[in-house]
Amino acid sequence: MAIVSAEKFVQAARDNGYAVGGFNTNNLEWTQAILRAAEAKQAPVLIQTSMGAAKYMGGYKLAKNMIENLVESMGITVPVAIHLDHGHYEDVLECIEVGYTSVMFDGSHLPIEENLEKAREVVKLAHAKGMSVEAEVGTIGGEEDGIIGKGELAPIEDAKAMVETGIDFLAAGIGNIHGPYPENWEGLALDHLEKLAEAVPGFPIVLHGGSGIPDDQVVAAIKLGVAKINVNTESQIAFSDATRAFARNYDANEAEYDKKKLFDPRKFLADGIKAVQGAVEDRIEVFGSANKA
Ligand code: 13P
């Protein structure tokens, strides 16, 4: 099975009341951790790169080849989609060119007509190559100075029009935001999600900003139609917490640190990477996609 486009397994999640994870990768070890978690849990996954993360790693071609090669060398058997997260139009074209198997065109900053028109073009190009397409209406913001208590709500009419472009799954704001949720966050707008899902019956909805949403709200959102959930910050925090704890452990014992050669990045990063795998496995369980490969 291994590398596939995502429309079939995301639709299967929607039809059967669970969600698959769209896990952002940042480097090689991160990719290994996500793949290990998916294989251990027998879950289909999307491994996604933001534009910035792909650039950081050396470009789309490198990112795509790295994921593809790891899937092969690790003997991964579960379905894995290589997905572009929040891509600008030109970046989407590049990912289609280099062979990602799924792309998100994010035209949410554009006037709606232009967003729809570009989404139609992306659908035509991506589907011709058998790739799946995600697009976004409204905007999904991030926390700034802790003052955002309420994420944006996507206009229902825009969501309906976007689904008609032929995309495979739809990102729409339901009070969610990227990054850590501020103390004063009001929670997911499940009533808005319900209206959205009624307007696009049976269509898979994507929940961005999946880190830090209480599990009961995640489960409620899945029941209402969310079939893909994006997670990045949660893995980053797990990595950073474990790495900091590892380092702190040797603060008072530099001699042992040197003796064990823990400065070797393969040792220094091991706890952090294990924590990423743990965080991804934990989310897969909550999303209900374990044993759905
Ligand atoms: P978090 O970083 O909040 O998990 O959001 C990830 C995301 O939505 C990527 O598109």
Side-chain angles (χ1 to χ4, degrees), residues 6 10 19-27 30-31 33-34 37 45-57 60 63 67 81-88 91-92 95 100 102-109 132-144 146 148-152 154 167-183 185-189 193 204-215 217-218 221-222 226-241 275-284 286-287 289:
V10 173
V20 291
F23 296 103
N24 288 69
T25 186
N26 294 287
N27 60 25
W30 220 269
T31 309
I34 298 167
V45 281
L46 297 95
I47 297 199
Q48 49 195 37
T49 67
S50 65
M51 295 187 293
K55 195 169 170 195
Y56 167 83
M57 288 186 271
Y60 294 117
I67 298 167
I82 305 175
H83 180 76
L84 170 67
D85 187 30
H86 291 287
H88 292 159
D91 295 74
V92 166
C95 287
Y100 273 51
S102 186
V103 287
M104 175 189 186
F105 164 60
D106 182 353
S108 60
H109 54 288
S132 42
V133 178
E134 173 179 347
E136 175 173 329
V137 289
T139 50
I140 297 159
E143 182 198 356
E144 275 169 27
I148 295 177
K150 212 179 172 114
E152 306 233 359
I167 60 163
D168 301 291
F169 26 100
L170 173 75
I174 52 162
N176 47 323
I177 50 181
H178 293 118
Y181 284 87
E183 292 259 317
W185 182 54
E186 293 178 16
L188 290 179
L193 172 59
I205 295 168
V206 183
L207 179 62
H208 280 245
S211 301
I213 300 174
D215 288 353
Q217 291 187 39
V218 170
I222 293 170
V226 163
K228 170 180 183 260
I229 304 179
N230 286 5
V231 177
N232 188 19
T233 303
E234 201 147 309
S235 320
Q236 293 184 341
I237 291 173
F239 172 79
S240 150
D241 283 354
V276 172
Q277 182 182 342
V280 172
E281 288 187 14
D282 176 69
R283 287 303 87 196
I284 286 173
V286 171
F287 299 167
S289 52

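Order of appearance sets the numbers: ligands from 1, and atoms from 1 within every ligand. All values reported here derive from a predicted model rather than from experimental measurement. Computed over heavy atoms, backbone and side chain alike; hydrogens, waters and symmetry mates excluded.
- The two residues S235 and A279 make their nearest non-hydrogen contact at CA-CB, 4.5 Å.
- Protein heavy atom at the shortest distance from atom 2 (O) of ligand 1 is T233 OG1, 2.5 Å.
- The backbone N or O of A19 sits less than 3.5 Å from a side-chain atom of S289, completing a donor-acceptor pair.
- Proximity of a side-chain donor or acceptor of N230 to a complementary backbone N or O of G210 within less than 3.5 Å is not detected.
- F287 pairs with exactly one of D282, V231, V20, V226 by the side-chain contact (heavy atoms from CB on, under 4.5 Å) rule, that one being V231.
- Ring-plane geometry between H83 and F169 is classed as tilted, the angle between the planes lying from 30 to 60 degrees on a 0 to 90 degree scale.
- For the residues S211, G22, S50, the heavy atom positioned nearest atom 4 (O) of ligand 1 is part of S211.
- Within ligand 1, counting atoms from 1 as listed, the ones closer than 4.0 Å to a heavy atom of H208 are 8 (O), 10 (O).
- Inclusion of N24 in the set of residues having an N or O under 3.5 Å from an N or O of ligand 1 is not warranted.
- Atom 8 (O) of ligand 1 has G209 N, 2.8 Å as its closest protein atom, hydrogens excluded (heavy atom only).
- Of the N or O atoms in G179, one or more lie within a sub-3.5 Å distance of an N or O in ligand 1.
- Taking every non-hydrogen atom of G210 and a distance limit under 4.0 Å, the qualifying atoms of ligand 1 come out as 4 (O).
- When each of D85, T31, N232 is tested with T25 by the rule side chain to side chain donor-acceptor pair (under 3.5 Å), just one qualifies, namely T31.
- Scanning all protein heavy atoms for the shortest distance to atom 9 (C) of ligand 1 gives D85 OD2, 3.0 Å.
- Contacts of N232 with ligand 1, taken as heavy-atom pairs under 4.0 Å, involve both backbone and side chain.
- Put simply, the side chain of W30 never gets that close to the backbone of Q236: no donor and acceptor are under 3.5 Å apart.
- Below 4.0 Å from some heavy atom of V231 lie the following atoms of ligand 1, by number and element: 4 (O).
- At least one heavy atom of H86 sits closer than 4.0 Å to an atom of ligand 1.
- A distance of 7.0 Å separates CD in E134 from CD in Q48, rounded to the nearest 0.5 Å.
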